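Comments concern the structure below.
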There are 2 protein chains.
Amino acid sequence: MSIKNALPVYVQISEMLIRDVSAGHYLDGARLPPERQMAKELGVSVTTLRKALNDMTHKGMLEKRQGSGNYIKTNKNLASVYSFFRVELIAGGGLPTAELLALDRTVKPTHFPAFGKGNEAYRIRRLRRLNGQPAVLEEIWLDGNQSAQIRPADLSESLYLFYRKSLNLWITEAEDQLTIATVPEWSPATFDPTHGEHCLCAQRLSRSQSGAAVEFSLNWIDTNVARYVARIK
Amino acid sequence: MSIKNALPVYVQISEMLIRDVSAGHYLDGARLPPERQMAKELGVSVTTLRKALNDMTHKGMLEKRQGSGNYIKTNKNLASVYSFFRVELIAGGGLPTAELLALDRTVKPTHFPAFGKGNEAYRIRRLRRLNGQPAVLEEIWLDGNQSAQIRPADLSESLYLFYRKSLNLWITEAEDQLTIATVPEWSPATFDPTHGEHCLCAQRLSRSQSGAAVEFSLNWIDTNVARYVARIK
DNA sequence: AGGAATTTGTGCGTATGTATC
DNA sequence: AGATACATACGCACAAATTCC
């Protein structure tokens with residue numbers, strides 16, 4: 001019988017690097033020291049360090065360039081979720097913006113899938129536009145334990161960026177379930193899908209690195225304006 | 001100027017294994033020889049072999065079990081696409097079956113995205129069921145150059161399996177676009193979504209290892225019965 | 001333009017830990 | 001408990017890509 005050991009060294013290293021990036025020690029595109037130097041400083045072999053870096057590369061947090069160096073990707077990790085699931089104009093693309101409609105904190109509805117440990121959650125309602133056109137009505141539920149307080153200013157643009165920078169929360173896993181649903185009664189007049197009262201609805205459960213569910217969101221999509229795209233490679 | 005060298009050894013090994021699986025030398029779930037033995041037989045180091053096997057694991061073609069062995073996944077590679085995009089009963093899961101409605105070969109509609117090089121394509125129409133309930137109406141377009149002839153018997157169950165076994169075609173990349181659409185006029189009476197005449201429609205463009213688009217499909221989903229699920233990790 | 005220095009990629013061999021059988 | 005098999009970790013050598021002078 002033996003005491004359970006710590007995590008593998010390469011996991012410790014990648015987690016440390018992720019914390020460093022999250023703390024702002026590395027900006028987007030920053031180059032890491034050469035592998036041999038880094039390994040020496042960390043007191044591990046180059047092989048072990050490389051395993052940590054390769055894992056991060058696979059997660060989309062790092063870009064390796066032979067002969068050049070290893071480069072941190074921060075804004076891009078946000079894209080690692082969006083590059084798989086995204087909403088775009090029917091013609092393709094579209095510049096995304098978001099308008100905060102409401103922000104409050106309430107008890108979680110019982111019929112939602114489990115996310116986080118708290119009884120309460122933040123509820124964020126936004127109208128997302130593509131090239132100025134209302135395209136998606138969004139309701140995000142973020143576990144109340146994640147943050148003492150969220151202010152509207154925090155939610156100006158990229159939520160995943162806010163999660164990572166302020167909450168030290170990296171969304172690395174997500175599942176969307178798509179159905180046809182009725183538009184919610186709090187829908188603003190500017191959001192007006194016209195397939196009767198029905199529209200496409202994506203329900204997303206997001207998980208952090210640890211695999212724990214931390215966020216649940218509902219996204220009503222106006223299919224007259226936009227379409228939902230999922231891609232795997 | 002120098003002659004272009006061969007591919008890395010670990011790539012050669014994984015490609016060889018993929019060919020072997022494709023040729024039926026390994027059945028689903030088959031266990032590979034121990035790594036040390038395999039490395040010896042192949043004349044490479046265990047490290048190099050392990051890199052090949054790890055790559056295959058990431059591609060979903062192999063399952064590694066510590067202390068046990070390395071196991072081929074064939075039906076499961078089909079799942080590597082389906083594990084990201086899938087249709088399941090609203091209650092979850094459901095045993096999938098497929099009923100062939102029509103199979104013919106015609107010229108590609110001009111408004112489709114480009115796939116394959118031929119002017120003609122096979123058009124396969126199927127009704128997919130979950131636990132016997134009609135859930136998805138499917139129209140698959142496969143480039144005519146891929147195969148001299150397709151017989152209905154080929155299409156009994158898993159199309160991806162047929163692609164891989166008969167056409168030596170591995171689907172490794174796919175993109176779905178979801179909208180709300182009208183049910184096609186060739187819909188059988190048993191498929192009857194009741195959100196007016198509209199239902200959820202997923203349009204999928206699939207690509208092979210080389211990155212070339214080879215298949216385009218349309219999937220009308222009865223959201224009274226089933227839902228579409230996309231997952232990334 | 002070209003060559004040297006730098007940096008990552010590939011590959012080998014070995015030792016030890018841990019899970020499975 | 002022992003044997004087997006994969007996981008982790010180390011160190012080294014050379015190849016290939018990039019960068020810099």
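All values reported here derive from a predicted model rather than from experimental measurement. Each chain gets a letter, A, B and so on, in the order its sequence line appears, and its residues count up from 1. Hydrogens, waters and symmetry mates play no part in the numbers below; they use all other heavy atoms, side chains included.
Using a 4.0 Å cut-off, some side-chain N or O of Y10(A) falls inside it from OP1 or OP2 of dT8(D). For the OP1/OP2 pair of dA5(D) and a distance below 4.0 Å, the side-chain nitrogens and oxygens of N70(B) include no atom meeting the criterion. A sub-4.0 Å separation between OP1 or OP2 of dT19(D) and a side-chain N or O of R65(A) is absent.
Contact annotation: side chain of E35(A) to base of dT8(C), donor-acceptor pair absent below 3.5 Å. With hydrogens and angles ignored, a donor-acceptor pair closer than 3.5 Å exists between the side chain of Q66(A) and the base of dA16(D).
One atom, CD of E63(B), and another, C1' of dA5(D), lie 15 Å apart when rounded to the nearest Å. The interatomic distance linking I13(B) (CD1) with dC12(C) (P) rounds to 8 Å, in whole Å. As rounded to whole Å, 17 Å separates atom P of dT10(C) from atom CZ of R50(B). As rounded to whole Å, 10 Å separates atom P of dT8(C) from atom CG of L62(A). Atom-to-atom, CG of N54(B) to C1' of dT8(D) comes out at 12 Å; the value is rounded to the nearest Å. Nucleotide dA5(D) holds its C1' atom 13 Å from the CG atom of L53(B), rounded to whole Å. Going from atom CZ of R31(A) over to atom C1' of dA17(D) covers 13 Å, rounded to whole Å. Q12(B) has its CD atom 8 Å from the P atom of dG11(C), to the nearest Å.
At the heavy-atom level, S68(B) lies under 4.0 Å from the strands shown only through sugar-phosphate atoms. If you check every strand for non-hydrogen atoms under 4.0 Å, R36(A) touches a base. If you check every strand for non-hydrogen atoms under 4.0 Å, T48(B) touches sugar and phosphate atoms only. Counting non-hydrogen atoms under 4.0 angstrom, V46(B) reaches nothing in the nucleic acid.
In this structure, the nucleotide among dC6(D), dT8(C), dA9(D) sitting nearest to the side chain of S45(A) is dA9(D).
Atom CG of N145(B) has more than 12 heavy atoms from other residues, nucleotides or ligands within 6.0 Å. For D20(A), the CG atom counts as densely surrounded, since its 6.0 Å shell holds more than 12 non-hydrogen atoms of other residues, nucleotides or ligands.
With the nearest nucleotide of DNA chain D identified for both Y71(A) and K51(A), K51(A) has the one nearer the 5' end. Between V11(B) and L32(A), the residue whose closest nucleotide on DNA chain C is further toward the 5' end is L32(A).
A donor-acceptor pair is defined here as one N or O able to donate and one able to accept, closer than 3.5 Å; such a pair exists between the side chain of D154(A) and the backbone of R151(A).
Inspection of the Y228(B) and E88(B) side chains reveals no N or O donor paired with an N or O acceptor under 3.5 Å.
Annotation: the span from L49(B) atom CG to M38(B) atom CE amounts to 5.0 Å, rounded to 0.5 Å.
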